[in-house]
Amino acid sequence: MNTEIFLYNSLTRRKEKFTPIQPDRVGIYVCGPTVYNHSHIGHGKSYVSFDVIVRFLRFVGYKVLYVQNITDVGHLTDNADEGDDKIENEAKKEKINPMEVVETFMRSYFDDMDRLGIRRPDISPRATGHIMEQIELAKRLVEKGYAYVADGNVYFNIAKFPEYGKLSGRKPEDLMAGARVDIRSEKKNPGDFAIWKKAEAGHIMRWPSPWGDGFPGWHLECSAMSMKYLGDTFDIHGGGIDNQFPHHECEIAQSEAASGKSFVRYWLHNNMVTSNGLKMSKSLGNFVTLKDAFKKHDPITLRFFILQSHYRSPLDYSDQSVEGAGKGLERLKNVLRQLRSIVDKSGTEIDFDNLPEEPVNLRRYFSEWLTAMSDDFNSPSAIAALFEMLKDVNSLLSSPNPMSKETACTIISFINKLAGEVLGIIPSEDQAGNRESIEPDLVNLLIQLRADARRNKNFKLADDIRSELQKIGVIIEDNKDGTAYRIVR
RNA sequence: GGCGACGUACCCAAGUGGCUAAGGGAGAGGUCUGCAAAACCUUUAUGCGGCGGUUCGAAUCCGCCCGUCGCCUCCA
């Protein structure tokens with residue numbers, strides 16, 4: 001597909017035309033979770049956003065390699081390279097091995113992401129699986145004079161890297177002027193950050209290194225693993241805006257100092273999920289886990305809710321807002337269901353370069369959708385284009401002229417592709433049907449009985465059947481072609 | 001204190017110089033219906049936090065003010 005994509009690059013603070021290093025390939029790295037706890041809605045927003053970005057890049061024809069790490073060591077509880085390792089901390093609390101903590105919450109993470117309809121990254125490298133690469137990187141930085149050893153710790157010397165601060169727009173002097181108090185006197189500059197940490201006695205997660213037993217600093221893994229799988233310079237690096245500083249700034253410093261090359265061409269940062277206007281975060285304790293949210297809301301509805309705002313805008317989470325989104329999404333599902341009742345087969349190929357303008361102007365709506373998505377992945381605007389199309393389709397469906405099977409089929413494919421395959425906001429075909437179940441037959445039997453009752457003007461019985469079915473989540477609707485049902489829950 | 005972002009209808013939310021300010025939810029009226037539901041039609045911001053300025057023209061650019069948030073310390 002011939003389309004130009006523009007994206008907002010945090011590094012230049014402007015929208016830029018996207019030009020990958022290789023014409024048809026895109027390498028993208030997104031900072032993954034630290035797996036010491038269940039994921040919350042903020043994680044959901046971040047990974048849904050990047051999932052859609054990757055899906056869209058693939059849709060327009062790029063071969064994408066998507067790498068997203070799992071942090072399972074080195075992430076400390078406190079500021080300025082102090083405090084305990086978060087994983088180890090949790091392990092001690094539960095009296096289990098740190099790797100059990102990792103395994104538990106990594107599975108939990110993938111399970112939540114699967115439910116949100118997020119396609120798994122192509123590579124999910126773990127920090128503990130790349131200790132060698134991290135030590136090699138640290139060694140190179142020491143050899144080149146960018147890092148120094150102090151009491152078994154290795155620190156990056158930010159004074160040796162004049163570009164430190166270029167991503168976040170900060171100067172080391174400003175940082176020092178802040179309230180931050182540095183207690184590590186062994187650092188040459190207060191802003192120096194740990195690449196490798198010495199393991200004190202009693203520290204469980206430890207690996208031998210040229211500087212003694214220790215473990216990698218948090219920032220190091222992303223540099224080591226992204227460059228290993230995507231090369232010294234790659235196209236896109238994504239993550240939460242809260243990681244822009246210091247995490248991503250440190251990644252740039254380490255990577256560029258080591259390789260002597262430019263690290264990342266486009267930096268993408270998603271904004272935060274707030275709750276009552278305040279950032280949802282583990283440390284504030286005001287977060288809603290995805291597992292809890294799923295008890296109230298359908299995961300795909302949550303995904304739709306997330307995509308109804310732009311990835312760079314903050315999103316305030318409330319049950320009321322998600323429910324509103326859910327009703328909107330129902331409209332999309334209703335249309336699909338009606339179309340499917342016209343034809344039972346679907347999934348025909350559709351030529352996006354040659355779309356019909358009649359009876360529904362798919363050419364125009366696709367153009368609007370594509371323009372929105374190409375403009376810094378503007379999913380809310382793209383969704384608006386789809387809803388405008390729905391209005392036309394519904395108009396046609398409620399008009400006396402029936403829609404041809406061919407038209408219905410084309411529209412189904414259109415929706416499946418744009419709303420399903422790219423945005424991921426409608427359940428896939430196999431989830432929607434093909435279920436080995438007697439449930440449809442049973443419901444249809446009840447609908448038949450109710451039809452008989454209605455014919456005999458026994459509306460009491462007919463209404464009872466309808467309301468009892470509703471109680472167990474089956475909604476009955478009488479249309480002019482008969483009675484349809486849908487399942488809500 | 002430093003850096004950055006945002007403030008659009010009852011709610012959510014696009015739009016960043018120029019036709020009538022997208023879309024969703026909610027509300028109101030109507031059509032259809034045994035009644036519902038769904039759907040359709042009509043409708044709800046001479047207005048985009050406030051005040052100035054630039055311009056033929058601004059929600060959109062500039063300045064000031066008010067308010068909210070993020071980062072500067074772990075967080076997607």
Side-chain angles (χ1 to χ4, degrees), chain A residues 10 13 15 30-34 37 39-50 75-83 86 165 168-171 173-181 191 218 238-247 269-274 277-284 287 304-305 308-310 312-316 318 320-332 334-335 337-338 368 372 375 378-388 390-391 393-399 454 457 459 462-463 466-467 470 475-480 483-484 486:
Chain A
S10 305
R13 293 171 197 81
K15 256 185 214 173
V30 173
C31 281
T34 302
N37 207 333
S39 303
H40 57 64
I41 297 170
H43 298 100
K45 173 172 162 75
S46 185
Y47 300 120
V48 163
S49 300
F50 286 107
H75 206 154
L76 305 184
T77 51
D78 292 339
N79 60 317
D81 302 321
E82 290 297 326
K86 291 187 172 191
S168 53
R170 290 163 209 279
K171 302 184 202 95
E173 308 89 79
D174 296 336
L175 300 178
M176 282 177 249
R180 181 192 206 183
V181 180
W218 174 42
I241 197 168
D242 52 350
N243 273 336
Q244 190 174 28
F245 187 90
H247 185 53
H269 289 100
N270 67 277
N271 217 313
M272 300 290 102
V273 173
T274 58
L278 283 177
K279 178 185 166 186
M280 207 177 262
S281 78
K282 291 180 183 175
S283 49
L284 273 180
F287 62 92
F304 178 69
F305 168 68
Q308 266 194 315
S309 84
H310 193 260
R312 281 194 292 113
S313 302
L315 175 63
D316 198 63
S318 71
Q320 190 198 345
S321 301
V322 181
E323 280 160 19
K327 286 182 183 165
L329 187 57
E330 268 303 306
R331 292 184 48 176
L332 179 59
N334 283 336
V335 169
R337 203 176 43 250
Q338 286 195 65
E368 288 178 7
D375 181 14
N378 193 332
S379 57
S381 190
I383 287 169
L386 291 179
F387 272 93
E388 285 187 68
L390 289 190
K391 206 162 195 173
V393 174
N394 269 326
S395 270
L396 208 60
L397 285 170
S398 61
S399 77
R454 290 177 72 206
K457 303 258 186 259
F459 296 121
D463 290 352
R466 182 170 60 196
S467 65
Q470 184 164 15
I475 307 291
I476 296 291
E477 288 164 4
D478 299 323
N479 302 308
K480 53 177 186 289
T483 300
R486 64 195 158 98

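Naming: A, B, ... by sequence-line order, numbering from 1 per chain. Worth knowing before you read on, the calculation uses all heavy atoms, side chains too, and leaves out hydrogens, waters and symmetry mates.
- Judged by ring centres under 5.5 Å apart and planes tilted less than 30 degrees, A:Tyr47 fails to stack against the six-membered base ring of B:A76.
- With C1' as the reference atom, B:U60 and B:G17 are 6 Å apart, rounded to whole Å.
- A:Phe459 comes within 4.0 angstrom of a nucleotide base, judged by non-hydrogen atoms across all strands.
- B:C64 and B:G50 make up a base pair, with Watson-Crick or G-U wobble contacts both under 3.5 Å.
- Within the nucleic acid shown, A:Gly277 comes within 4.0 Å of sugar-phosphate atoms alone, with no base atom in reach, counting heavy atoms only.
- A donor-acceptor pair shorter than 3.5 Å cannot be found between the side chains of A:Asn334 and A:Arg331.
- A:Arg13 comes within 4.0 angstrom of no nucleic acid atom, judged by non-hydrogen atoms across all strands.
- A gap of 15 Å separates the P atoms of B:A58 and B:C51, to the nearest Å.
- Contact annotation for A:Asn378: backbone-only contact, meaning every heavy-atom pair under 4.0 Å involves sugar-phosphate atoms and none involves a base.
- Across all strands shown, B:A58 forms no Watson-Crick or G-U wobble pair with both distances under 3.5 Å.
- The residue A:Ile476 sits close to a base: some heavy atom pair falls under 4.0 Å.
- Rounded to a whole angstrom, the distance from the C1' atom of B:C6 to that of B:G29 is 37 Å.
- Nucleotide B:U16 has no partner under the Watson-Crick or G-U criteria, as no pair reaches both atom distances under 3.5 Å.
- Contact between the side-chain N/O atoms of A:Ser168 and the OP1/OP2 oxygens of B:C72 is not found at any separation under 4.0 Å.
- Distance check on atom P: B:A59 versus B:U54 gives 16 Å, rounded to whole Å.
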All N/O contacts under 3.5 Å from nucleotides 8-10 of chain B to the protein, with atom names and distances to one decimal?
none

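- A donor atom on one side chain and an acceptor atom on the other are not found under 3.5 Å apart for A:Ser313 and A:Asn271.
- If you check every strand for non-hydrogen atoms under 4.0 Å, A:Ser313 touches sugar and phosphate atoms only.
- When the C1' atom of B:C74 is taken as reference, atom CG of A:Asp242 falls 10 Å away, rounded to whole Å.
- When both distances must be under 3.5 Å, the Watson-Crick or G-U wobble mate of B:C3 is B:G70.
- Using cut-offs of 30° and 60° for the angle between ring planes, the A:His40 and A:His43 rings count as tilted.
- In this structure B:U33 sits in no base pair that meets the Watson-Crick or G-U test at under 3.5 Å.
- Across all strands shown, B:G25 is found opposite B:C10 as a Watson-Crick or G-U wobble partner, with both distances under 3.5 Å.
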